[in-house]
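All remarks here apply to the structure that follows.
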Amino acid sequence: MPTPLKNDRFLRALRREPVDCTPVWLMRQAGRYLPEYRATRQAAGSFLAMAKTPEIACEVTLQPLRRFPLDAAILFSDILTVPDAMGLGLHFVEGEGPKFERPLRSVADIDALAVPDMDTELRYVMDAVRLIRRELDGRVPLIGFSGSPWTLACYMVEGGGSKEWGKVKALALNEPAAMHRLLGTVTDAVVAYLAAQRAAGAQALQVFDTWGGVLSPAMYREFSLPYLARIARELKSAEVPVILFGKGNAPHLDALFASGADAIGVDWTVTLEDAARRAGGRVALQGNLDPAMLYGHPEAVRAQARAVLDSYRDGNGGSREGHVFNLGHGMSPDMDPEHVAVLVDEVHAYSAR
Ligand code: CP3
């Protein structure tokens with residue numbers, strides 16, 4: 001029998017149940033802003049070596065929890081492990097971010113793709129999940145995650161990051177049937193990947209649709225939203241909630257609220273007051289402090305945290321339930337860990353019921 005959770009605020013908030021204070025975790029809470037992360041990375045040699053060694057992935061997952069009273073841990077890994085396991089050959093170029101050795105260059109490349117085997121090619125991820133659960137010993141829940149089909153397809157077609165995402169948009173426009181076959185295969189892989197993380201012990205699942213917001217509304221409704229909704233439907237389970245995070249998803253919130261997901265993660269381009277009012281209690285909301293607010297001085301960080309908490313309450317009929325505090329996107333390497341401590345403290349103190 002797994003140890004019962006000592007702190008289940010995060011899971012309770014995702015179910016919109018009462019909590020003693022608003023739970024908080026931060027996207028990219030494990031990373032280069034922490035000196036202990038930089039030391040572990042130096043010793044391991046590379047980011048991928050860290051992610052592919054369960055003991056190191058576990059250590060790095062726990063690092064931010066040793067410093068801050070965060071209410072959830074997130075698996076240390078990357079969204080690009082899935083295309084890597086599909087044979088694209090992931091590597092990281094210093095200062096340039098992720099690259100694939102064999103990006104998708106033709107319809108034939110797309111039709112040759114297969115869903116990777118979770119027990120072999122992605123076993124290191126499941127081993128990390130099992131190890132982290134053991135080491136957490138019920139302190140806080142563990143979040144598993146995946147990229148969204150559209151966001152993974154962006155990297156698979158471009159071969160890396162991009163400003164314009166011209167190749168993947170051209171594929172969607174010129175070869176829509178092939179694009180849908182690609183998104184279908186990637187969705188099958190994402191569902192299998194998240195289900196395997198859940199079976200290994202993940203207690204909540206988050207899908208990162210980082211690049212859905214670069215699409216026009218019509219293209220978003222065709223190439224991102226239906227696949228997000230399929231994931232939410234196929235993973236529906238009362239015990240393990242699904243969070244759909246999307247950078248720039250504000251224009252699509254009404255559709256996302258009806259998608260079947262338990263919670264929607266939003267960035268700072270929408271107020272939580274507006275989002276909560278539109279959600280009308282159908283889902284929990286996660287977000288949405290602009291990560292750059294962490295560059296402010298500590299009193300400014302505290303004031304910004306309070307503003308986010310109050311904005312949610314104002315849109316949610318005066319109640320703070322159903323809110324998970326987070327940033328609207330990930331942290332950056334030059335952020336000050338002291339400011340994170342201040343942020344977490346303010347969220348808990350100010351929202352205490
Ligand atoms: O949130 C966490 O603490 C969990 C770990 C996590 C990482 N990547 C670790 C990581 C998560 C959830 C991700 C998801 C991810 N990876 C996304 C979606 C989230 C988002 O930011 O929208 C995307 C688009 C990627 C792809 C990716 N991985 C990029 C673009 C980069 C380079 C970023 C950079 O700043 O150089 C990575 C590498 C990566 N993934 C790092 C970390 C901590 C930096 C690695 C290092 O150099 O040490």
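Indexing begins at 1, ligand by ligand and atom by atom, following the structure's order. By convention here, the first residue in the shown sequence is residue 1.
- Between the side chains of Thr61 and Glu135, no donor-acceptor pair is found at a separation under 3.5 Å.
- Between the side chains of Trp150 and Tyr220, no donor N or O sits under 3.5 Å from an acceptor N or O.
- Among the atoms of Arg28, some N or O lies under 3.5 angstrom from an N or O of ligand 1.
- Taking any N or O of Trp25, backbone or side chain, none lies under 3.5 Å from an N or O belonging to ligand 1.
- If you number the atoms of ligand 1 from 1 as listed, the ones under 4.0 Å from a heavy atom of Met27 come out as 1 (O).
- Here the closest non-hydrogen pair linking Ser162 and Trp165 is OG-N, 2.7 Å.
- Every atom of ligand 1 is numbered from 1 in the order shown, and the set under 4.0 Å from a heavy atom of Phe92 is 28 (N), 31 (C), 37 (C), 38 (C).
- Phe76 has its ring centre less than 6.0 Å from the ring centre of Phe47.
- With no hydrogens or angles considered, a side-chain donor-acceptor pair links Tyr193 and Thr81 at under 3.5 Å.
- Residue-to-ligand polar distances place Ala30 within reach of ligand 1: an N/O pair is separated by less than 3.5 Å.
- The proximity of Pro333 to ligand 1, defined as any non-hydrogen pair under 4.0 Å, does not occur for either the backbone or the side chain.
- In terms of protein heavy atoms, atom 21 (O) of ligand 1 is closest to His329 NE2, 3.1 Å.
- The proximity of Leu75 to ligand 1, defined as any non-hydrogen pair under 4.0 Å, is limited to the backbone.
- A donor-acceptor contact closer than 3.5 angstrom links the side chains of Tyr295 and Asp334.
- Atom 23 (C) of ligand 1 has its closest protein heavy atom at Ile79 CD1, 3.4 Å.
- Between the side chains of Asp267 and Thr269, at least one donor N or O sits under 3.5 Å from an acceptor N or O.
- Crowding of Arg134 atom CZ: a count of heavy atoms from other residues, nucleotides or ligands under 6.0 Å not exceeding 12.
- Regarding atom 46 (C) of ligand 1, its nearest protein heavy-atom neighbour is Arg41 NE, 3.2 Å.
- With hydrogens left out, the protein atom closest to atom 30 (C) of ligand 1 is Pro98 CD, 3.6 Å, a heavy atom.
- Here the protein heavy atom with the shortest distance to atom 11 (C) of ligand 1 is Phe145 CZ, 3.6 Å.
- Ligand 1 has a nitrogen or oxygen under 3.5 angstrom from a nitrogen or oxygen of Thr210.
- Atom 7 (C) of ligand 1 has as its closest protein heavy atom Ser77 O, 3.2 Å.
- Interface of Phe76 with ligand 1, defined as ligand atoms under 4.0 Å from a residue heavy atom, comprises 43 (C).
- Note on ring orientation: taking the six-membered ring where Trp is involved, the planes of Phe208 and Phe145 are perpendicular (angle over 60°, cut-offs 30° and 60°).
- Scanning the protein heavy atoms around atom 16 (N) of ligand 1, the nearest turns out to be Asp78 OD1, 3.0 Å.
- Inspection of the Arg353 and Thr22 side chains reveals an N or O donor paired with an N or O acceptor under 3.5 Å.
- Between the side chains of Tyr350 and Asp310, a donor-acceptor pair is found at a separation under 3.5 Å.
- Closest heavy-atom approach to atom 43 (C) of ligand 1 among the candidates Phe208, Trp211, Tyr37, Tyr33: Tyr37.
- Closest protein heavy atom to atom 35 (O) of ligand 1: Arg32 NH2, 2.4 Å.
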